[in-house]
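FYI, side chains are in, hydrogens and waters are out, and symmetry mates aren't considered; it's all heavy atoms of this structure.
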Amino acid sequence: MRVLVVTAVPAERDAVVRGVVSATETETAPEAEVSVPGGRTLHRVVRPPLTVDALAAGVGPAAAAAATATALTAAELGQAPYELVVSAGIGGGFAPAPLGSVVVGEAIVAADLGAETPDGFAAVTELGFGTVEHLPPPALVRAVAEATGAVRGAVLTVSTVTGSAERAAELRRRHPGAAAEAMEGFGVAEAAAAPGVPVLELRVISNAVGPRDRAAWRIGEALDALAGAFRHLPPALATWKEPSR
């Protein structure tokens, strides 16, 4: 099974690779670097029966969508298409997802794609355009949540990170099932949807969604937890693939 994991920054990508490498007690093929168009590099780990390519795509949904689409197209042209795309990294958490917890997205939602109106925010779908939500395979979400101890809920994609209690409350009002906020998931999901590749989003909570308090962020701990989550991901993927064999 070939899996593309898309992160925003290299530190997240490296945590993913570290976790996948540590997922086996048997010898794993050395990490390899594979160039893709656009000047980016895939970090590849082969852990039979999985091949995991980790890609640092850049920050925000546009960069994530562009890099994901490029990697998917290159793989398809190389006759080695991906069977799953995972958007992964750290992010902000809504209760009940505490700092350091893992969140797996039951839905990947574009939370600020739309328009401000006299009556408040209107999602782009209310304006008659596009989509604002992608749904990962429920069986995969369950398998990953069970393997990693993750909280399940919607993961919101925003272009501007929340920095006030007022905006946090507004997002929670509009999306009561939200567990996390990040900046790339919807872009990754849009790119994966075009060729029909299943998508998943996995986040580790480094800070609470709300007033911006850098002193309270736990980025190092969250990256370590991200590696820990990916240590458990290969068996969960094997469980998910079992019904299709």
Side-chain angles (χ1 to χ4, degrees), residues 3-9 12 36-38 40 55-77 81-89 91-94 103-141 144 152-164 166-203 209:
V3 181
L4 175 65
V5 181
V6 182
T7 71
V9 298
E12 294 168 320
V36 293
R40 300 196 183 275
L55 173 66
V59 174
T68 302
T70 298
L72 288 170
T73 301
E76 188 71 35
L77 292 174
Y82 293 106
E83 298 169 74
L84 175 68
V85 180
V86 182
S87 175
F94 295 93
V103 171
V104 60
E106 294 180 312
I108 301 170
V109 180
D112 57 4
L113 181 60
E116 292 291 340
T117 77
D119 298 320
F121 179 81
V124 71
T125 48
E126 297 176 51
L127 306 175
F129 304 104
T131 184
V132 294
E133 182 180 76
H134 291 281
L135 301 177
L140 176 60
V141 171
V144 171
R152 290 189 282 176
V155 180
L156 307 185
T157 299
V158 295
S159 295
T160 301
V161 171
T162 298
S164 69
E166 293 77 14
R167 187 172 190 243
E170 172 64 14
L171 288 175
R172 196 60 188 268
R173 183 188 67 79
R174 297 201 326 252
H175 306 282
E181 171 190 274
M183 300 183 73
E184 293 78 34
F186 188 78
V188 173
E190 280 281 273
V197 181
V199 67
L200 181 76
E201 184 163 11
L202 188 148
R203 295 284 168 178
V209 176

Quiz prompt | Under the side-chain contact (heavy atoms from CB on, under 4.5 Å) test, residues paired with P137 that sit two or more places apart | solution = L140, P198, W240

Quiz prompt | H175: partners by ring pair (Phe, Tyr, Trp, His ring centres under 6.0 Å), with sequence neighbours left out | solution = none

Practice problem: Grab the two heavy atoms, one from P195 and one from A192, that are nearest each other, plus how far apart they are. | Solution: CD-O, 3.1 Å

Quiz item: Nearest heavy-atom pair of F94 and A168: which atoms, and what distance?
Solution: CE2-O, 3.9 Å

Quiz prompt | Partners meeting side-chain hydrogen bond (donor to acceptor under 3.5 Å, both in side chains) with S87 (sequence neighbours left out) | solution = R203

Exercise. State, to 0.1 Å, how close G114 and L127 come at their nearest heavy-atom pair, and which atoms those are.
Key: C-CD1, 4.5 Å

Self-check item: L55 backbone acceptor or donor facing R40 side chain under 3.5 Å
Solution: no

Self-check item: Non-hydrogen side-chain atoms of E184 and V59 separated by less than 4.5 Å
Solution: yes

Quiz item: Which residues satisfy the salt bridge (charged side-chain N to carboxylate O under 4.0 Å, His left out) test with E126, sequence neighbours excluded?
Solution: none

Quiz item: When V109 is tested against each of V158, L171, L156 for side chain to side chain contact (heavy atoms under 4.5 Å, CB included), which residue passes?
Solution: L156

Quiz item: What is the minimum heavy-atom distance between F186 and L113, and which atoms define it?
Solution: CE2-CD2, 4.3 Å

Quiz prompt | Any pair counted as salt bridge (charged side-chain N to carboxylate O under 4.0 Å, His left out), so long as it reaches residues 103-120, sequence neighbours left out | solution = D112-R167

Quiz item: Looking at A182 and E201, what are the two nearest heavy atoms and their distance?
Solution: CB-OE2, 4.1 Å

Quiz item: Under 3.5 Å, is there a donor-acceptor pair between the side chain of E181 and the main chain of V209?
Solution: no

With a cut-off of 3.5 Å and sequence neighbours excluded, list every side-chain donor-acceptor pair involving residues 60-73.
unit_1, atom_1, unit_2, atom_2, d
T68, OG1, A64, O, 2.7
T70, OG1, A66, O, 2.9
T73, OG1, A69, O, 2.8

Practice problem: Over all heavy atoms of both residues, which pair between G105 and V141 is shortest? Give the atoms and the distance, please. | Solution: O-CG2, 3.5 Å

Quiz item: Which distance, rounded to the nearest 0.5 Å, do you find between the OG1 of T162 and the CD of E170?
Solution: 10.5 Å

